[in-house]
Amino acid sequence: IVYNQKEDIDAKHCGQAVMDTLIQRVFDHELRPAPITIHWFPLPKRRLLCIDFGTSYTLACAIGTDGHSYMVRDCRGEASFPSAIELHSDGSYAVGNAVNTLIPNSNTYVVRALKRVILGAGSVTYGPYHFSTMLLIAMLFHSVKRNAEEFFGVSFNETLLSVPVEFRGYETKLLESAAQVAGLTVVRAIQESSTASLLTTAHAATLGYSYLLNIDLGGGTLDISAAEVSDGVCEILFSLGNRSFGSMDYDHMVCQYAVSRLEREYNLAPIYSDSTLYACILAQVEQIKIELSRCNHTRFSLQAANQMGDMVIYTWDMTRDTYAEITHELTVQLKSILEHTKKLLKESIIGDEKFLIYLTGQGSKLFIIPQLIQETFLGTPIIDDYQESAVCQGLAQQSGILSGVIKELLLLDNLHSYIDIFCDHRDEKKDIIYFGTDNHFLYRLIDPRKGEHPDWGTKVFDYGKYEVSNFLIA
């Protein structure tokens, strides 16, 4: 997992005890700015830490005995912190808001967007140290665990994780292994848009809607789920997504435009080789995205040294039209995904039924996204009240179900790993339904005349069930 070239310690050939010692030695080198003030919230006996591991930011929370979800905050009072790790040459490291991303130096190396690291290189080498992707994520999870334990004043041993719809099995397993290394047993890994749909179930039902469409555009992934909600049950009808498309791609495209303009018009030295300057430009681009969500016009403004070494302010106008023109390629890609979603909705049991659209994730801050959704789904109400915390709070709802705090809510996901539930028997006197875990009619038709092929003696798939078709496609 990690070793120092000087000591020539290879974790692959160590026993478990030595492995645990090595891992703990890594965790002991985390630089934490200050202890977190304890908040004595009422938590259930079975405490589940809910972690929304995002590409740009990570959030965590826990459900209280009162049914409320309480967000974990770090020593700065922030509920979300960057999914980034800063590695130091002496073997120490910093996580989240403790990472000083704007002032890197020769003694540090910052790994950003950890979720996308999963899809890329298998390890990171810095100086004499080699870190596997799993260990980097474990370092992040361990820091989140410490934040939660300091914040609530209790220990956590179990967790619920959110995963993108398009994450492959081995990628989800990587996250589960990282959590295990960090001291957390993964009780369940649920797709991000499903947890957000679970959160909005009661709200949609209150407004009189039986169907909802959740569009979760995070920093690096896009996840979409359609669900039917009735009597506290949220049944996911279908899910789709893109694990390489997110709001950070808009940021990077605008950043490329800014870098090109600065180098072309102002003759600045190659900017990509100056990590500090590039980080400042990216921060300015992110600020522009937020400002354009509130108004039609803003300005790009950057203070940097010119070729003579004098500090100069570089500035120009940035309008919504300019932003849309720069990011047109991404918008076309998103438009195609939304049109495909619209077609699936039409072909599903939703048909012409009315439904609500919930826009969650960082994408709710980008003015282009709600406009595009409105153009695609004419006349359909769009709600963006939950934004970045939707997935994490949805996980909290599921943890409440598992811990017994929430009793009138149920998520029926369309992932094959979590649909092996059937009604065992019902106690009519007590009005209780007992659930088992061996559904004989999960994949085949219930009607025995249709459920078995008479010539071959094999079972026939029930293609009318969305969970079956989704499983077969997967």
Inset, instruction - Using distance alone, with no hydrogens and no angle criterion, decide if Ser162 and Thr195 have a side-chain donor and acceptor under 3.5 Å apart. - result: no
Inset, instruction - List the atom of Leu59, the atom of Ser80, and the distance in Å for their closest heavy-atom pair. - result: CG-CB, 3.9 Å
Inset, instruction - Step by step, work out the ring pair (Phe, Tyr, Trp, His ring centres under 6.0 Å) result for Tyr70 and Phe152. - result: CA-CA 9 Å; Tyr70 296 99; Phe152 292 111; 7.0 Å; no
Legend entry - Side-chain touch Lys45/Ser403, heavy atoms, less than 4.5 angstrom: no
Legend entry - Geometric cation-pi criterion, Arg73 with Phe151: 6.0 Å, 45°: no
Inset, instruction - Count the heavy atoms of every other residue, nucleotide or ligand shown that sit under 6.0 Å from CD of Glu408, and state whether that count exceeds 12. - result: no
Legend entry - Ring-ring centroid check Tyr358 His203, cutoff 6.0 Å: yes
Inset, instruction - For the pair Glu339 and Lys335, find out whether any cationic side-chain nitrogen is under 4.0 Å from an anionic carboxylate oxygen. - result: yes
Inset, instruction - Tell me whether the centres of the aromatic rings in Tyr314 and Phe300 are closer together than 6.0 Å. - result: no
Inset, instruction - Give a yes or no answer on whether the side chain of Thr327 reaches the backbone of Leu330 with a donor-acceptor pair at less than 3.5 Å. - result: no
Inset, instruction - State which residue, out of Asp223, Asp216, Asp413, fulfils the side-chain hydrogen bond (donor to acceptor under 3.5 Å, both in side chains) condition with Gln191. - result: Asp413
Legend entry - More than 12 heavy atoms of other groups within 6.0 Å of Asp231 CG: no
Legend entry - Side chain Glu235, main chain Val229, donor-acceptor under 3.5 Å: no
Inset, instruction - Evaluate the criterion salt bridge (charged side-chain N to carboxylate O under 4.0 Å, His left out) for residue pair Lys115 and Glu192; output intermediate values, then yes/no. - result: CA-CA 13 Å; Lys115 187 185 285 187; Glu192 295 173 357; 2.8 Å; yes
Legend entry - Residues Ser225 and Ser193: side-chain donor-acceptor under 3.5 angstrom: yes
Legend entry - Donor + acceptor pair across side chains of Ser194, Ser197 (<3.5 Å): no
Inset, instruction - Please state whether the rings of Tyr250 and Phe245 are parallel, tilted or perpendicular, taking 30° and 60° as the class boundaries. - result: perpendicular
Inset, instruction - Report yes or no: does Thr200 contribute a side-chain atom to a donor-acceptor pair with the main-chain N or O of Ala196 at less than 3.5 Å? - result: yes
Legend entry - Evaluation steps, salt bridge (charged side-chain N to carboxylate O under 4.0 Å, His left out), between Arg146 and Asp74: CA-CA 10 Å; Arg146 288 185 65 179; Asp74 62 13; over 6 Å; no
Legend entry - Distance-only polar pair, side chains of Glu176 and Gln180, donor-acceptor under 3.5 Å: no
Inset, instruction - Check whether NZ of the Lys or CZ of the Arg Arg261 lies under 6.0 Å from the centre of the six-membered ring of Trp316 and within 45 degrees of that ring's axis. - result: yes
